[in-house]
Every structure is written in C-alpha cells, then in structure tokens.
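Worksheet for the structure shown next.
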Amino acid sequence: MIRYFTAGESHGPGLMAVIEGLPANVPVNISRVNHELRRRQQGYGRGRRQQIEKDAVEVISGIRFEKTLGSPVSVLLRNRDWKNWTEIMASGAGVSKKVVSRPRPGHADLSGALKYDFHDMRNVLERSSARETAMRVAVGAFVRELLYLFDIEIHSHVLELGPVKTDRSQLKEALAGDINARADASPVRCLSESSGAEMVAAIDAAKKEGDTLGGVIEVVIRGLPPGLGSYVQWDRKLDAQLAMALMSVQAVKGVEVGMGFETARHPGSRVHDEIHYDKKKGFFHPTNNAGGIEGGMSTGEDIVLHIAKKPIPTLMKPLHSVDIDSKESYKAHVERSDVTAVPAAAVICEAVAAPVIANALMEKFGGDTVKDMQAAREAYLKRLRAF
Ligand code: EPS
C-alpha cells in the first residue's frame with residue numbers, strides 16, 4: 001500500500017516527500033516525472049512566482065539504475081524563490097520584520113492562527129499554500145510510472161472557469177481522444193477553443209478588478225478492469241477514497257462522481273446505466289452516468305470525476321478583515337498571488353488520484369514486485385473472459 005507524506009513551506013528551502021509502498025522493479029523515467037511538474041506550472045492566470053520556479057526533482061532514495069527498489073522513494077524539490085526569503089523564513093534566532101496579522105477571508109489564516117496560537121499568520125500560510133501541490137504532483141508522477149505498466153491513464157481538462165462554461169455535449173470527439181494532449185495545448189486546459197478564449201478573457205477581466213476565479217475540473221481515468229475497490233467495507237470504496245484525495249487538494253470544495261448531483265434530480269430509469277453483453281467485449285454499459293464506479297468498485301468503464309475549486313482567497317482588492325492583535329477593521333493581507341490556478345489544479349487532481357488507483361490495483365494484484373502483479377492481473381482477466 002502506498003502512503004506518502006509531504007513536507008515544506010512555500011518560501012522555505014524546498015519541499016520533500018517520502019513515498020512508501022511502491023512495488024519493486026518499476027522502471028522510473030525521471031524526465032517524465034519532471035514533465036508532470038512542468039505541466040502543473042502551465043496555465044494562464046498564474047502570478048510571477050511561476051517564472052521564478054523551475055521545478056525538478058532530486059531523488060534521495062528508493063531508486064537504483066532507473067528502477068524502484070521497493071524501499072521508500074524520497075525526493076526533494078528546491079524552492080528557487082527561497083533565496084529571496086532567507087531572512088523572513090530563517091530557522092535560526094530572531095524575529096520577523098514582516099508580520100501577517102490581517103487574515104484573508106477564505107484562507108486558512110484565521111483558523112490556523114487560533115488553533116496553533118500564532119500572531120504571525122505567515123506561520124500558517126507558508127504550509128497551507130498551494131506550493132505544496134508541486135510535491136503532490138511529483139508523488140503522483142512516480143506512482144504513474146507503475147500505472148503505465150498496466151495501461152492506466154489519468155487525464156484532466158477544465159470544464160468551467162469563472163463565468164465560462166463549456167458545453168460538454170459538444171466535446172464528445174475530444175473526450176474520446178487523447179484528452180491530456182489537447183488540454184496541455186490550451187492555456188486554460190479547455191477542450192473547446194472558443195470557451196478557452198472566453199476563459200482567458202474572463203481571467204484578464206478578473207485581474208483588472210483585483211479579483212480571482214475558481215472553476216470545475218473533469219478527471220478521466222482509463223484502463224481499469226472491473227472490480228477495483230470493494231463494497232464490503234466503507235473505507236475500501238474506490239469513490240470514497242478518490243473523494244478524500246481530491247478534497248484534500250487546496251481550495252477544492254466539491255467532488256462529483258459521474259452524473260453526481262444530477263442523479264438526484266432524475267428518476268432511476270434515466271440515471272442507471274443498462275447492462276449489455278458482447279462476445280468480444282464481455283459485459284458493458286452503453287452509457288456511463290455512474291462515472292465508472294458502482295458499489296465502490298470500478299465497472300470497467302472510464303472513471304469520470306468533477307472537482308469544484310473555489311477562487312483563490314488572496315485578492316488584490318482585498319475583502320473586509322480584522323487585525324488579530326488590535327481587533328480593528330482593516331482590509332485583508334495582500335500577498336503576491338495568482339488570479340486563477342484552475343488549470344494547474346486539474347493536473348494536481350490527476351496526480352492525487354494516482355496513489356488511490358495504484359492502491360486499489362495493489363490490493364487486487366499484490367504489491368511486492370511488478371512481475372507478480374502483472375501475472376495476477378493476467379490471471380484475473382483470463383478468469384473474467386471465461387466468466
Ligand atoms: C500561493 C501563492 C503564490 C502561488 C503559490 C501558491 O505564491 P507566492 O505567494 O510565492 O507568489 O504562486 O503557488 C506556487 C508557488 C506553486 O508552485 O504553485 C498560495 O498562497 O497558495
């Protein structure tokens with residue numbers, strides 16, 4: 001079972017992770033890992049920080065001659081911006097000259113200060129910052145090296161950004177193809193060129209207003225056999241595990257599986273996917289309102305997830321707040337930030353889904369070494385063909 005921890009502050013020396021539980025003998029292509037990090041750094045609407053950072057991993061342990069050892073993989077990602085923050089982020093003696101005392105509505109600032117007894121909310125924001133997602137993408141990228149061996153692909157694109165909504169029914173062709181290739185080519189990861197242009201204009205307008213924008217992301221996971229996850233215990237349900245991973249991404253406020261909230265608004269006859277059988281394909285569903293998961297298990301259809309990300313809480317035209325020391329009314333703290341990070345969040349959502357899928361795969365097929373997993377999967381698929 002894969003477990004991982006990340007560590008690191010946004011403007012500290014760097015981010016670290018320990019990834020425990022990757023099977024042995026997974027070929028690891030570090031340039032592909034770094035490519036994932038670059039994908040996260042794209043996206044229209046980011047601030048100046050992304051021009052400073054050029055994320056690339058340094059492997060500390062767990063890999064030899066481009067293959068996993070089965071021991072913990074540990075990695076380091078240095079923050080290039082740190083050199084500009086060494087005084088503010090010092091770990092030695094002293095006091096900060098730049099104290100953050102006016103919490104931003106929507107941010108972790110105030111609850112974090114109350115919880116941990118801080119009067120400088122930099123102590124909160126440095127860790128609650130979405131900078132941490134760089135490491136989550138790195139972790140996801142290592143795990144995806146395992147998923148490639150099982151032909152499992154994780155794609156993402158942006159369905160909505162601020163006021164702009166794409167018409168999903170017009171995207172059938174794009175959704176059937178290489179979603180990531182097409183989304184990577186768009187500045188906002190949008191599969192529709194016209195909606196993408198509207199999103200860019202909406203970001204420009206929000207920037208002018210000193211405002212920020214959220215959006216809705218779709219993640220599509222392809223290539224799973226039926227029967228990953230389980231209905232027998234609450235914490236083994238694949239949809240529950242995916243929802244937890246996705247909800248843990250900074251600024252995510254909602255996760256839907258397949259038709260999601262819409263299922264509640266229609267009778268069963270229009271919601272459930274009928275079951276068919278074909279000698280070649282076996283059992284299949286011509287529709288996929290379930291989003292590829294029934295009873296907490298993969299159905300064999302694509303897993304389709306929608307994720308709602310709220311607008312970034314750091315506004316250049318700040319909202320009303322209160323100084324935590326003087327208790328006087330002020331505008332909230334303003335700090336260099338992004339207008340939107342929805343396109344980046346889509347890549348992050350792909351990454352955090354990867355360990356969940358890998359764990360479901362290892363629960364079914366074992367997790368010591370690749371060969372055993374592949375043999376177990378072959379035997380399972382053979383049994384399904386004869387079912
Ligand atoms: C973030 C604020 C911005 C973002 C940062 C997340 O950072 P800064 O305050 O240094 O300009 O750029 O995201 C990243 C650094 C990153 O790599 O994604 C925040 O407050 O969450």
Side-chain angles (χ1 to χ4, degrees), residues 6-17 33-57 75-89 96 98 100 102-113 120-141 156 188-189 203 206-207 210-215 217 248-253 309-316 318-319 321 332-352:
T6 71
E9 272 71 49
S10 179
H11 304 97
L15 301 165
M16 291 178 68
V33 170
N34 288 332
H35 176 68
E36 289 300 323
L37 291 170
R38 269 195 303 281
R39 289 180 66 229
R40 193 198 69 97
Q41 290 202 276
Q42 306 308 307
Y44 195 75
R46 302 300 306 267
R48 274 173 296 122
R49 178 77 186 271
Q50 292 316 306
Q51 288 150 28
I52 300 171
E53 302 301 342
K54 296 275 172 294
D55 293 332
V57 289
V75 284
L76 179 62
L77 250 177
R78 292 184 198 271
N79 291 328
R80 289 195 174 198
D81 204 15
W82 183 53
K83 65 176 189 311
N84 307 315
W85 290 78
T86 45
E87 266 182 44
I88 296 175
M89 295 303 293
S96 178
K98 258 175 93 179
V100 180
R102 295 164 196 177
R104 289 161 293 173
H107 210 280
D109 298 347
L110 181 58
S111 305
D120 180 0
M121 286 176 294
R122 178 155 303 286
N123 290 348
V124 178
L125 76 86
E126 282 294 330
R127 181 61 186 158
S128 58
S129 160
R131 173 69 188 148
E132 186 256 354
T133 61
M135 188 47 94
R136 286 215 256 173
V137 169
V139 171
S156 75
V188 282
R189 295 197 70 71
I203 295 168
K207 186 173 183 179
D211 220 329
T212 57
L213 296 176
I217 291 154
S248 79
V249 174
Q250 288 80 342
V252 167
K253 290 304 248 184
K309 182 184 187 295
K310 71 180 180 183
I312 287 168
T314 311
L315 306 187
M316 294 304 135
L319 295 175
S321 184
H333 173 74
V334 178
E335 161 131 350
R336 178 188 64 189
S337 191
D338 311 312
V339 178
T340 191
V342 175
V347 175
I348 297 157
C349 287
E350 290 173 30
V352 301

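Not measured: the values here are computed from a predicted model. All ligand and atom numbering here is 1-based and tracks the order in the structure.
Here R39 does not pair with D55 in a salt bridge; the nearest charged N to carboxylate O distance is not below 4.0 Å. Between E53 and K83 there is no salt bridge, since no side-chain N of the basic residue sits under 4.0 Å from a carboxylate O of the acidic one.
Of the N and O atoms on the side chains of E132 and Q250, at least one donor lies less than 3.5 Å from an acceptor on the other residue.
Looking at L213 and V342, their side chains never come closer than 4.5 Å, going by heavy atoms from C-beta outward. No side-chain heavy atom of I312 sits under 4.5 Å from any side-chain heavy atom of H107.
Partner D81 forms a salt bridge (charged side-chain N to carboxylate O under 4.0 Å, His left out) with one of K54, R48, R336 and no other, that one being R336. When each of R102, R104, R127 is paired with D109, the salt bridge (charged side-chain N to carboxylate O under 4.0 Å, His left out) condition holds for R104 and for no other. With respect to D338, the salt bridge (charged side-chain N to carboxylate O under 4.0 Å, His left out) criterion is satisfied by exactly one of K207, R46, R131: R46.
In this structure, Q41 falls outside the shell of residues with a heavy atom less than 4.0 angstrom from ligand 1.
At least one N or O atom of R49, backbone or side chain, sits closer than 3.5 Å to an N or O atom of ligand 1. Close N/O approach between R336 and ligand 1 is found [any backbone or side-chain N/O within under 3.5 Å]. Here's the thing with R46: one of its N/O atoms is less than 3.5 angstrom from an N/O atom of ligand 1. Remark: ligand 1 and H107 share no N or O pair separated by less than 3.5 Å (distance only, no angle test). An N or O contact shorter than 3.5 Å links A130 to ligand 1 by distance. Considering both main-chain and side-chain atoms, Q50 comes within under 3.5 Å of ligand 1 through a nitrogen or oxygen pair.
For ligand 1, the atoms closer than 4.0 angstrom to any heavy atom of H11 are 8 (P), 9 (O), 10 (O). Within the listing of ligand 1, atoms 16 (C), 17 (O), 18 (O) sit less than 4.0 angstrom from a heavy atom of R40.
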Hey, mind stepping through R136 and S248 against side-chain hydrogen bond (donor to acceptor under 3.5 Å, both in side chains) and telling me if it holds?
CA-CA 11 Å; R136 286 215 256 173; S248 79; 2.8 Å; yes
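The proximity of Q250 to ligand 1, defined as any non-hydrogen pair under 4.0 Å, does not occur for either the backbone or the side chain. Of the heavy atoms in D338, only side-chain atoms (C-beta onward) come closer than 4.0 Å to ligand 1.
Nearest protein neighbour of atom 2 (C) of ligand 1, counting heavy atoms only, is S337 OG, 3.9 Å. In terms of protein heavy-atom proximity, atom 1 (C) of ligand 1 is closest to S129 OG, 3.7 Å.
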